[in-house]
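Chain letters run A, B, ... following the sequence lines, proteins first, then strands; residues in each count from 1.
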Number of protein chains: 2
Amino acid sequence: MTSTPLSRSEAKDLTRRKLIKAALAILDEEGEAGLTTVKVAKAAGIAQSSFYVHFKDMQDLLRELAEEGGRRLRRAMREARSKAREAPSDLDRHRETFRIPLEAICRHPELLRIQMRAKHDPSSSLRAFALETSAAYREHHAADLAALGYTADDERDRRRLEMIAEGINAATNALAMGHLEGRYPDLEEAADILVALSRGALRLLRSSAAERST
Amino acid sequence: MTSTPLSRSEAKDLTRRKLIKAALAILDEEGEAGLTTVKVAKAAGIAQSSFYVHFKDMQDLLRELAEEGGRRLRRAMREARSKAREAPSDLDRHRETFRIPLEAICRHPELLRIQMRAKHDPSSSLRAFALETSAAYREHHAADLAALGYTADDERDRRRLEMIAEGINAATNALAMGHLEGRYPDLEEAADILVALSRGALRLLRSSAAERST
DNA sequence: TTTTTCACCGATAGTACTATCGGTGAAATT
DNA sequence: AATTTCACCGATAGTACTATCGGTGAAAAA
């Protein structure tokens with residue numbers, strides 16, 4: 001065992017991280033309603049009153065959580081994009097566009113669970129964050145589809161592209177959750193379905209583009 | 001104005017319905033966390049303690065709400081099926097399969113909001129109901145797709161059909177919510193997208209069926 | 001008419017959580 | 001070595017909600 005001659009600030013930072021980690025676990029297991037200073041402090045191994053040494057109140061902790069979540073998400077989206085670019089063919093690139101987020105969700109399912117919950121809960125402190133995240137991911141995906149060659153020239157096509165992105169996102173989340181619940185054991189099959197779904201939608205864009213050029 | 005010589009049982013039933021209605025409104029506006037006997041009773045115009053004349057506790061009211069919701073949903077699914085059958089062509093039938101639920105959601109968006117929230121909230125008393133509802137709707141939609149001629153013979157195709165149904169359902173909900181939020185003003189466009197999405201997925205089933213018969 | 005029933009009331013005990021307080025000891029500074 | 005700082009502690013006042021109590025008056029039953 002290594003001895004632990006922690007400086008005061010190091011020790012404080014460690015406790016703070018413990019609080020955040022504990023909050024995340026409780027948030028996932030019991031939801032925002034079950035998240036109390038009593039439980040978080042106990043799980044982090046400190047007194048309830050000491051919670052306030054680190055955060056002004058629970059809102060403050062949740063704000064921090066949202067900021068960290070946002071940072072992680074932006075990093076993940078950047079990485080996903082550069083990874084997908086490595087794919088040799090258009091087909092592979094299209095497929096990677098779905099495989100990567102599916103795997104990301106399965107690596108940290110609690111983040112999606114928390115986000116999906118907050119998105120629809122008007123009382124949630126994380127709601128604004130969840131809505132922003134959703135919008136960011138929708139735009140990201142719309143850009144991905146556009147990068148595959150389905151450029152949207154007019155207002156209507158841009159809206160369509162966004163609808164497709166939103167629909168496909170929702171389907172991605174649903175299938176990932178289904179996988180985690182054990183209903184769809186093979187993640188590759190889920191990716192197949194998503195590719196097929198988006199193919200159908202993109203065919204719509206292509207056909208309307210062809211119509212226009214007639 | 002008609003005079004109101006209500007019998008005792010009629011008056012009680014009226015109060016009960018007022019409580020349920022108030023609970024639904026609060027559930028939609030503030031979420032399950034904001035649902036208290038104080039607020040529900042006040043909104044229904046009775047004393048907080050009188051809440052217990054009608055329900056054992058809040059769980060009891062939520063159970064009643066879930067049962068009523070279940071009854072409504074089953075009725076709506078029956079009606080949707082018979083309505084879709086009226087469509088003259090296969091194409092129209094396919095489109096109606098999406099138009100009908102989209103319109104149903106927009107008629108009572110609070111029901112979907114409450115359900116989506118409960119589905120992901122482990123602390124929710126309505127969670128079991130939300131999960132059942134989800135599963136029922138998934139099966140319903142899978143049956144709809146099968147009725148369009150995409151019969152699933154083996155295990156793999158059955159699972160695929162279910163994944164498609166789940167994905168399309170999620171997309172339907174997402175687009176309906178987007179419409180309600182004002183992002184997608186035209187519900188017909190949303191239906192177009194959903195038809196296109198499902199077309200793509202069903203093409204996958206058809207191609208694998210063709211492959212098998214080679 | 002007399003008696004019983006019961007939906008509703010106000011009061012209140014009990015429970016859970018928040019947020020602040022002064023006190024303590026060890027780390028950091030002087 | 002003396003002093004200051006501060007992360008943490010236990011205690012507790014304040015707040016919000018739950019669930020039960022006995023009381024009341026009007027409807028229903030006798």
Side-chain angles (χ1 to χ4, degrees), chain A residues 2-65 121-126, chain B residues 2-65 121-126:
Chain A
T2 51
S3 60
T4 47
L6 291 175
S7 82
R8 198 129 69 149
S9 68
E10 285 172 327
K12 185 178 183 182
D13 207 62
L14 180 65
T15 316
R16 184 189 164 91
R17 278 201 302 272
K18 275 186 193 169
L19 284 168
I20 290 178
K21 194 174 171 184
L24 208 57
I26 293 171
L27 212 48
D28 184 36
E29 286 159 24
E30 307 182 38
E32 215 164 320
L35 191 70
T36 67
T37 58
V38 177
K39 283 185 199 164
V40 174
K42 189 170 183 182
I46 62 170
Q48 181 265 339
S49 59
S50 300
F51 174 91
Y52 296 90
V53 171
H54 301 271
F55 301 98
K56 189 186 159 290
D57 52 23
M58 191 54 82
Q59 297 275 333
D60 193 29
L61 189 156
L62 285 170
R63 198 183 40 72
E64 173 67 32
L65 227 54
D121 186 352
S123 76
S124 171
S125 305
L126 293 171
Chain B
T2 53
S3 60
T4 47
L6 291 176
S7 81
R8 198 128 69 149
S9 68
E10 284 172 329
K12 185 177 183 182
D13 207 61
L14 181 65
T15 313
R16 184 190 166 90
R17 278 201 303 271
K18 276 186 192 167
L19 284 168
I20 290 178
K21 195 175 172 184
L24 207 57
I26 293 170
L27 211 48
D28 184 34
E29 286 158 25
E30 306 181 39
E32 215 164 319
L35 191 70
T36 67
T37 58
V38 177
K39 283 184 199 164
V40 174
K42 188 171 183 180
I46 61 169
Q48 181 265 339
S49 59
S50 300
F51 174 92
Y52 296 91
V53 171
H54 301 271
F55 301 99
K56 189 186 159 291
D57 52 24
M58 191 54 83
Q59 297 276 332
D60 192 29
L61 188 156
L62 286 170
R63 198 182 41 72
E64 173 68 30
L65 228 53
D121 186 353
S123 76
S124 171
S125 304
L126 292 171

- [ ] For Phe55(B) and dT20(D), give me the distance from atom CZ to atom P, rounded to whole Å.
- [x] 16 Å

TODO: From the options dA28(D), dG10(D), dT18(D), select the nucleotide whose nearest atom is closest to the side chain of Ala47(A).
DONE: dG10(D)

Task: Any strand: nucleotide that pairs with dT15(C) via Watson-Crick or wobble, under 3.5 Å - done: dA16(D)

Task: Any strand: nucleotide that pairs with dG22(C) via Watson-Crick or wobble, under 3.5 Å - done: dC9(D)

Task: Shortest non-hydrogen separation from Ser124(B) to Glu32(B) and the atoms involved - done: OG-OE1, 2.7 Å

Open item on the list: Judged by each residue's nearest nucleotide on DNA chain D, which is more toward the 5′ side, Ile46(A) or Ser50(B)?
Closed with: Ile46(A)

- [ ] Take the protein atom NZ of Lys12(A) and the nucleotide atom P of dA28(C), then report the distance between them rounded to whole Å.
- [x] 14 Å

Task: Spatial distance of atom CG (Asp121(B)) from atom CG (Leu126(B)) [nearest 0.5 Å] - done: 9.5 Å

- [ ] Determine, for Asp13(B) against Arg16(B), whether the closest basic-nitrogen to carboxylate-oxygen distance falls under 4.0 angstrom.
- [x] no

TODO: Quickly work out the Lys42(B) NZ to dA16(D) C1' distance and round it to whole Å.
DONE: 14 Å

Open item on the list: Give me the atom names and distance for the closest heavy-atom approach of Ser125(A) to Gln59(A).
Closed with: OG-NE2, 3.1 Å

Open item on the list: From CD of Glu10(A) over to P of dC8(D), roughly how many Å is that when rounded to an integer?
Closed with: 13 Å

Open item on the list: Nearest whole Å is fine: how far is dC8(D) P from His54(A) NE2?
Closed with: 4 Å

Task: Selection: residues 21-38 of chain B, any non-hydrogen atom under 4.0 Å of DNA chain C - done: none

Open item on the list: If you compare every side-chain N and O of Ser49(A) against the phosphate oxygens of dA19(C) (OP1, OP2), does one of them come in below 4.0 Å?
Closed with: no

TODO: Determine, step by step, whether Met58(B) and Phe51(B) satisfy the side chain to side chain contact (heavy atoms under 4.5 Å, CB included) criterion, reporting the C-alpha distance in whole Å, the side-chain angles of both residues, the deciding distance to 0.1 Å, and the verdict.
DONE: CA-CA 9 Å; Met58(B) 191 54 83; Phe51(B) 174 92; 4.1 Å; yes

Task: Phe51(B) CZ - dT18(D) P separation (whole Å) - done: 8 Å

Open item on the list: For Leu19(B) versus Ala41(B), what's the shortest heavy-atom pair and its separation?
Closed with: CD2-CA, 4.1 Å

Task: Rounded distance (Å) that lies between atom P of dT12(C) and atom CD of Gln48(B) - done: 15 Å

Task: Per Val53(A) side chain, nearest of listed nucleotides dC8(D), dT18(D), dA7(C) - done: dC8(D)

Open item on the list: Show the nearest heavy-atom pair for residues Gly34(A) and Lys39(A), with the distance to one decimal.
Closed with: O-NZ, 3.1 Å

TODO: Whole angstrom is fine here: how far is it from CZ in Arg8(A) over to P in dA7(D)?
DONE: 6 Å

